[in-house]
Amino acid sequence: MKTMRTELTQANLAGIETELLAVLAADTQTSKAPDAKPEPVLLTADDAVKAAAAAVLLSGEYKAGANETLLLHAPAGLKAKRLLIVGLGKQAKATVDKLRNAAGAAVRFAKPRGIRELVFALPDAEVLPPGPNTRAAVEGAFVGDFDPDTYRSDRKDQSIQSFTVAASAGSDRAALEAAFAEGVIVGESQNFTRSLVNEPGNKLTPTLLGQRAALMAAEVGLGWELHSTEKLHELKMGAFWSVSQGSAEPPSLIVLRYEPEGVTGGPVLGLVGKGITFDTGGISIKPADNMEKMKYDMAGGAAMIGAMRAIALLKPRVRVIAVVCAAENMPDGKAQKPGDVQTAMSGKTIEIINTDAEGRLVLADGLTYAKQLGATHLIDAATLTGACVVALGYANAGAFSNDDAAWAKFDAALATSGEKFWRLPLGEEYADQIKSDIGDIKNTGGRWGGASTAAEFLKVFVEDTPWIHLDIAGMAWVEDAKPYIAKGPSGVGVRSILEWVRSY
Ligand code: BES
Ligand code: MN
Ligand code: ZN
């Protein structure tokens, strides 16, 4: 993985020689009156930078809206060749998450302009806390640096070569460095996930996804195992295998283990990911429109793999096992059919109503296996249902939990990750919708409440183990480019799952 060089400085901004110095501005206008004009101010104590930007801020041309940029060449009194002002929006609503995006916006401003190196100045401690800021700025820079056009034959690699965070001289160096190092690990891990999700189905089969995970695991010192059809039969993973049976590509059962030295007691966290490298729908085939996007149906599995990378490098004092169930969902003479009955690893029988509800099938056995491997707490991530996208759109991912304590930890993790998950209901009414006439349960619950009936399906295999289910169908792919992130894979989940793990 080629990666951006990152540095931390506490030098005086005016004296920094750079192609581009980015500073933040916020709107301090608090009046809601219709004629109230924005009052942008720079979020820096540096007098030289303030002087260089004074005239344009007075002009009223720049409003410091979120991610609004303004470029000044040859700023007076500064060693930097360019001064870029990046807006945070209303000062009263400034958050670390908005700062993360602003850093990404600065990077994405530089990339197409041939600028390969920049310095991003953090606001003063009074505006936002310096530690979380430093980490978020680095994360945002990595997120912004990613572009998906890796297969263009005339691709001009516009990656940023060097990104420097400039913190104020007063901040504690050791704390800044720790936060900075975290930002690098998390940003790189999220981009690792995105690079996997970006790969088309023909370039990343279940087998190749397993190999990429194993290569990463060996690099960062995780334990790993790769299994295929034979092992699925041996473990009696009838649900997982039934999805793979229609494909010429064998399935891959990917296991990653993080076992910190000296930790023998305490919880074992099980991370389970849906790794459908391509979802045609199977015999219940999907319409052609947008089917190409179903290459991202392994985004949940990729999020777990990326989170494991970050876990291996950040070394929390808790054991973690990841299980990723990778398969291709294809129509074929050998494919499973609606009406088929499958026996899952747990022994439960599943009536297949729709072969396109395949994610829950692979997860059913993945969850059972994670428990068998010793997981005391479970979290899964999956691009599971279109219904979740109908419910929450592209603004929030769905989340479900059978355990308020586990959920509280996840909810707290969101404050650090900046990712948006909205808790949706489980309930007996939804469980009733997936009762089968012929067997224990069926794999679809009808038209209504589809995200909840899918979650209830998973709960049958989770049983009483504390568990969180993340439905990232709407959030794993950025549909429209934003100033701070390219159109394409988002890497959603990596940061929140990581923080949840670190909370144990
Ligand atoms: N992978 C899809 C869900 C999906 C939809 C992901 C849109 C990303 C964007 C999943 O396997 C699926 O096909 N779900 C069906 C379930 C239905 C048949 C009960 C769906 O949501 O339509
Ligand atoms: Mn499907
Ligand atoms: Zn799917």
Side-chain angles (χ1 to χ4, degrees), residues 197-198 201 204 206 209 239-240 242-247 249 251 272-303 324-332 335-340 350-366 380-398 400 424 430 433-434 436 441-458 469-479 487-490 492-493:
V197 176
N198 196 45
L204 194 77
L209 176 61
F240 182 3
S242 78
V243 176
S244 72
Q245 75 183 71
S247 173
E249 289 294 337
V272 181
K274 170 177 175 181
I276 300 297
T277 58
F278 197 80
D279 182 11
T280 65
I283 294 298
S284 313
I285 197 163
K286 289 179 182 295
D289 261 10
N290 296 318
M291 201 208 270
E292 74 283 356
K293 290 198 46 207
M294 281 302 114
K295 70 173 188 173
Y296 87 81
D297 214 18
M298 34 60 77
V324 176
C325 299
E328 215 180 46
N329 189 22
M330 296 288 280
D332 183 77
Q336 72 174 331
K337 305 167 289 296
D340 286 0
I350 304 164
E351 180 188 6
I352 305 300
I353 301 297
N354 189 318
T355 65
D356 198 10
E358 84 298 341
R360 64 199 75 184
L361 297 174
V362 304
L363 289 173
D365 286 342
D380 77 72
T383 46
L384 201 63
T385 68
C388 190
V389 192
V390 172
L392 298 172
Y394 298 127
N396 283 277
F400 299 80
L424 295 169
Y430 302 115
Q433 282 176 247
I434 54 167
S436 165
I441 48 172
K442 53 187 184 182
N443 79 331
T444 65
R447 187 168 162 75
W448 310 114
S452 290
T453 53
E456 279 294 342
F457 183 96
L458 299 180
H469 159 54
L470 306 176
D471 191 336
I472 57 172
M475 297 296 282
W477 197 263
V478 178
E479 299 290 331
K487 177 178 172 180
S490 68
V492 70

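Counting starts at 1 for both ligands and their atoms, following the listed order. The figures here come from the full heavy-atom set of this structure, side chains too, leaving out hydrogens, waters and symmetry mates. Computed from a prediction, not measured in an experiment: that's the story for all the values here.
- Taking atom 7 (C) of ligand 1 as the reference point, the nearest protein heavy-atom neighbour is M294 CE, 4.0 Å.
- Residue Q433 comes nearest to K442 through the heavy atom pair O-CE, 3.4 Å, listed as atom of the first residue, atom of the second, then distance.
- Checked for salt-bridge contact, E328 and K295 miss the test: no charged N lies under 4.0 Å from a carboxylate O.
- Within the listing of ligand 1, atoms 18 (C) sit less than 4.0 angstrom from a heavy atom of N354.
- Protein heavy atom at the shortest distance from atom 14 (N) of ligand 1 is L384 O, 3.5 Å.
- Looking at D297 and the Zn ion (ligand 3) together, the shortest N, O or S contact belongs to OD2.
- Here the angle centred on the Zn ion (ligand 3), running from NZ of K274 over to OD2 of D279, is 170°, rounded to 10°.
- Between the side chains of N354 and T444, no donor-acceptor pair is found at a separation under 3.5 Å.
- Side-chain contact annotation: S242 with Q336, donor-acceptor N/O pair under 3.5 Å present.
- Compare R447, M298, K286, E358 by their heavy atoms: the one nearest to atom 11 (O) of ligand 1 is in E358.
- The protein atom (non-hydrogen) at minimum distance from atom 19 (C) of ligand 1 is T444 CG2, 3.5 Å.
- Taking backbone and side chain together, A357 holds no N, O or S atom under 2.8 Å from the Zn ion (ligand 3).
- Taking every non-hydrogen atom of D279 and a distance limit under 4.0 Å, the qualifying atoms of ligand 1 come out as 1 (N), 2 (C), 10 (C), 11 (O), 13 (O).
- An N or O contact shorter than 3.5 Å links K274 to ligand 1 by distance.
- Side chains of E358 and I276 form a contact here, defined as non-hydrogen atoms less than 4.5 Å apart.
- When only non-hydrogen protein atoms are considered, atom 20 (C) of ligand 1 lies nearest to G386 N, 3.9 Å.
- Shown here for G281 and N329, the closest heavy-atom pair between the two residues is C-ND2, 3.4 Å.
- Protein heavy atom closest to atom 16 (C) of ligand 1, with residue, atom name and distance, is R360 NH2, 3.8 Å.
- Looking at T277, its side chain never comes within 3.5 Å of a backbone N or O of G201 through a donor-acceptor pair.
- Residue contacts to the Zn ion (ligand 3): E358 brings an N, O or S atom closer than 2.8 Å.
- Remark: side-chain polar atoms of S247 are not paired, donor with acceptor, to backbone N or O of S244 under 3.5 angstrom.
- Using a 4.0 Å cut-off between a side-chain N of Lys or Arg and a carboxylate O of Asp or Glu, D380 and K274 do not qualify as a salt bridge.
- Nearest to the Mn ion (ligand 2), among the N, O or S atoms that D279 has, is OD2.
- The angle subtended at the Mn ion (ligand 2) by OE1 of E358 and OD1 of D356 is 120°, given to the nearest 10°.
- Distances between N or O atoms of D297 and those of ligand 1 include at least one value under 3.5 Å.
- Remark: side-chain polar atoms of T383 are not paired, donor with acceptor, to backbone N or O of I472 under 3.5 angstrom.
- No more than 12 heavy atoms of other residues, nucleotides or ligands lie within 6.0 Å of NZ in K487, so this atom counts as exposed by the packing criterion.
- Between D356 and ligand 1, at least one pair of N/O atoms sits closer than 3.5 Å.
- The protein atom (non-hydrogen) at minimum distance from atom 9 (C) of ligand 1 is Y296 OH, 3.3 Å.
- Looking only at distances, no side-chain donor or acceptor of Y296 sits under 3.5 Å from a matching main-chain atom of G488.
- When distances from atom 22 (O) of ligand 1 to the protein are checked, no heavy atom turns up under 4.0 Å.
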